[in-house]
Number of protein chains: 2
Amino acid sequence: MNLKQLSQLLGLSQTTVSRALNGYPEVNAETRRRVLEAVRETGYRPNRAAQRLATGRAGSIGLVMPTADGIYSDVHFGEFLAGLGDEAVKHDFHFVINPSHPDDEAATCRKLVASGNVDAIFLAYMREKDPRIPMLKSLKTPFVVHGRTIGVPTDYPFLDIDNTGAFYDAARLLAQLGHRHFALINGPDHLAFAMRRKKGAKRALAEHGLTLPEECIYHARMTDEQGFQAMERFLRLDTPPTAILCSSTVLALGAVRAINQAGLKLGQDISLIAHDDVLPMLRPENFSVPLTTTRSSLRAAGQRIAQRLIAGILNLEVLPQQELWKTDLIVRASTGPAPAGKPA
Amino acid sequence: MNLKQLSQLLGLSQTTVSRALNGYPEVNAETRRRVLEAVRETGYRPNRAAQRLATGRAGSIGLVMPTADGIYSDVHFGEFLAGLGDEAVKHDFHFVINPSHPDDEAATCRKLVASGNVDAIFLAYMREKDPRIPMLKSLKTPFVVHGRTIGVPTDYPFLDIDNTGAFYDAARLLAQLGHRHFALINGPDHLAFAMRRKKGAKRALAEHGLTLPEECIYHARMTDEQGFQAMERFLRLDTPPTAILCSSTVLALGAVRAINQAGLKLGQDISLIAHDDVLPMLRPENFSVPLTTTRSSLRAAGQRIAQRLIAGILNLEVLPQQELWKTDLIVRASTGPAPAGKPA
DNA sequence: GGCCAAATTCAAAGCGCTTTGGATTTTCTT
DNA sequence: AAGAAAATCCAAAGCGCTTTGAATTTGGCC
């Protein structure tokens, strides 16, 4: 069943049927009703390829998935993708997922746009002065950034969470609990979100006359094993930190393991706050000692970005171009007052 | 730059250029060379939408992603997807990722096919007598199954790993090490791979005169927390198992945590073998006690399936329609001889 | 040189949809 | 009730590619 057949069935022209379907105003209400009904009865579905050809829209959004042989596939990415998918499927949009070595993202992204296969680009894993921003601005392809760059004007569409604020809040809470020795297990140091989190933590500490020494900062991919190694290293320091900030519950997983292994009690000997992306497979309340977290749903972010991307392509309502989401600080058992007099 | 312009530039007809590009035999070698060169110089790229419309091929493969609000987004799925993507991008193929509640997969799958947006379907999370198999066979859409059903003839294209064999091997090794009390932390009980793994384990045990009692079998989503809960439950039994089989390193993560928390030593008091999908974020050799595993790369499976799917669509070489991959048993430190005389 | 087959090349007809530029009909004005 | 403005609807022209059916060249052979 195609448009032609459908229009013949209705005794209308293809033009009118097409317009009725696409919500154009110049079609009689009654006519539109008939068309819609016929669609329901016949199960007609427009051919997407023909639509794409006729409109010049690809009907798909492109994303670069940082992954390569031997390189991690990020859990966080999967969760975000689920959100994107939720929304995209509602509008019959496709994805073009272009795997790329993390270091080639800019080039891959350019190729993806040049392929003409996508009419919008989703950008993530932002770096300082990320070259992809000026590149995409110079092209006409719409895009939305998940996160923000650092060091360049943020005059582009983005959705980010308040990373600085989140880690400021977390660090302040721990400082108020009397902790004096902090450590941060963070994401890769070239990524903007990690920089902001560090900044937020440092700011809160500074307000309490505290610092975050270099040896108490660990940057790495956000995996369990990295969390473990980071924590092990911290515990070997002369004055091990009693307050840990952690950029992901995945990192926290490893960190907690190291803490247990060292025979320390989480929430007593040592406190930890992790950022929680609301990964359904790893819930902070299910840790052996439930984790205090700063929370913001990655999946919700994915949904929202898809919404904006698609609205932009289809010229639907105009959505805000820049959004900064606050995070929730949720206190559970992994945070407690600083242990008393430290054994010098 | 489109075909028309390109052909004018070359003083050829669109027909000839198109044929030259698509490898048809009836075009002069010299002409083809000229065409290819012009393509290189002009950077011409065929419009995919037009190709799709003309050929009737969608140029994309569809997959149903089991995920819904509150439902897990499976790490394993992400890793597999990375493999699919690796391969798909080489052939300029898209994905249509259709999120679906796990219980609606069949319906979602049917809709996906009916949408005409995909020219092949990838199927996973097979169940016993899975209804999607007959459904897809009745439609003409090509598909490849990751895994196999149970209870119906396997006369469809699939790629599976030898789950039975993997868990047979693992269980046998532990039995040979003198273990007498086994437990299995498995995937969801309605999924075929989990059934096969259980069967493999039971078979090996039977050969040693051993059994796997019901209370020593735990079926659940493969998350860290489930692994933890399973292990905790096992440790509370009157005669706790000393040999654990685990369907994923993610489950093992939680299980190991529970073991440590109980003050037991992995590889001494208790032995554990996990199936390793080669998730880059969770490597068995990096566990505090490196894990003995049965190994098979999920990403490689993704690549291979994409290869077969695409070859099928494009009528390239004929690839085998059924593949069963053996797994590697890799012994590390988490397995050791059964502890001596158990304290009764 | 003439004739047939093989090798090349081409013109044109779609694929199924959107959209432009008019027609045609209906509804207001005055 | 006539003329103008709205409201509806339509025919036809693409969008850029593939593919059919035919035309044109070239090559081989007697």
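Predicted model only: the values in this text are computed from it and were never measured.
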Exercise for review: Run the salt-bridge test on A:R308 and A:E323 with the 4.0 Å N-O cut-off and return the result as yes or no.
Suggested key: yes
Point to revise | Partners passing ring-ring contact (aromatic ring centres under 6.0 Å, His included) against A:F122 (at least two apart in sequence or in another chain) | key: A:F80
Point to revise | Ion pair A:R33/A:E30, N-O distance below 4.0 Å | key: yes
Practice item. Answer with base, sugar-phosphate or nothing: what part of the nucleic acid does A:T55 contact at a heavy-atom distance below 4.0 Å? Key: sugar-phosphate
Revision key, fill the gap. With five pairs defining each end axis, the helix from C:dG1-D:dC30 to C:dT30-D:dA1 comes out bent, to 10°, by 40°
Point to revise | Partner set under side-chain hydrogen bond (donor to acceptor under 3.5 Å, both in side chains) for B:T149, not counting sequence neighbours | key: B:Y156
Interface polar pairs with nucleotides 23-25 of chain D, N/O, under 3.5 angstrom:
none

Review point. So, B:R148 and B:D160, do they make that salt bridge, N to O below 4.0 Å?
Key: yes
Check your understanding: Which residue pairs pass the side-chain hydrogen bond (donor to acceptor under 3.5 Å, both in side chains) test when at least one of the two sits in residues 2-13 of chain B, sequence neighbours left out?
Key -> B:S13-B:T16
Check your understanding: Who pairs with A:R45 by side-chain hydrogen bond (donor to acceptor under 3.5 Å, both in side chains), at least two apart in sequence or on another chain?
Key -> A:D92
Check your understanding: Which residue pairs pass the side-chain hydrogen bond (donor to acceptor under 3.5 Å, both in side chains) test when at least one of the two sits in residues 47-56 of chain A, sequence neighbours left out?
Key -> A:R48-A:Q51, A:R52-A:H94
Point to revise | Which residues share a side-chain hydrogen bond (donor to acceptor under 3.5 Å, both in side chains) with B:Q14, sequence neighbours left out | key: none
Point to revise | Contacts of B:T108 that satisfy side-chain hydrogen bond (donor to acceptor under 3.5 Å, both in side chains) - sequence neighbours left out | key: B:S100
Check your understanding: Earliest and latest nucleotide of DNA chain C, 5' to 3', sitting under 4.0 Å from a non-hydrogen atom of chain A?
Key -> C:dG16 to C:dG21
Review point. With sequence neighbours left out, what residues match A:V113 under side chain to side chain contact (heavy atoms under 4.5 Å, CB included)?
Key: A:I121, A:L136, A:L139, A:T141
Study note, to complete from the structure: Heavy-atom contacts, protein to nucleotides 4-11 of chain D, under 4.0 Å, summarised as B (base), S (sugar-phosphate only) or - (none) per nt, yield ----BBBB
Exercise for review: Considering only NZ, NE, NH1 and NH2 on the basic side and carboxylate oxygens on the acidic side, decide whether A:R40 and A:E37 come within less than 4.0 Å.
Suggested key: no
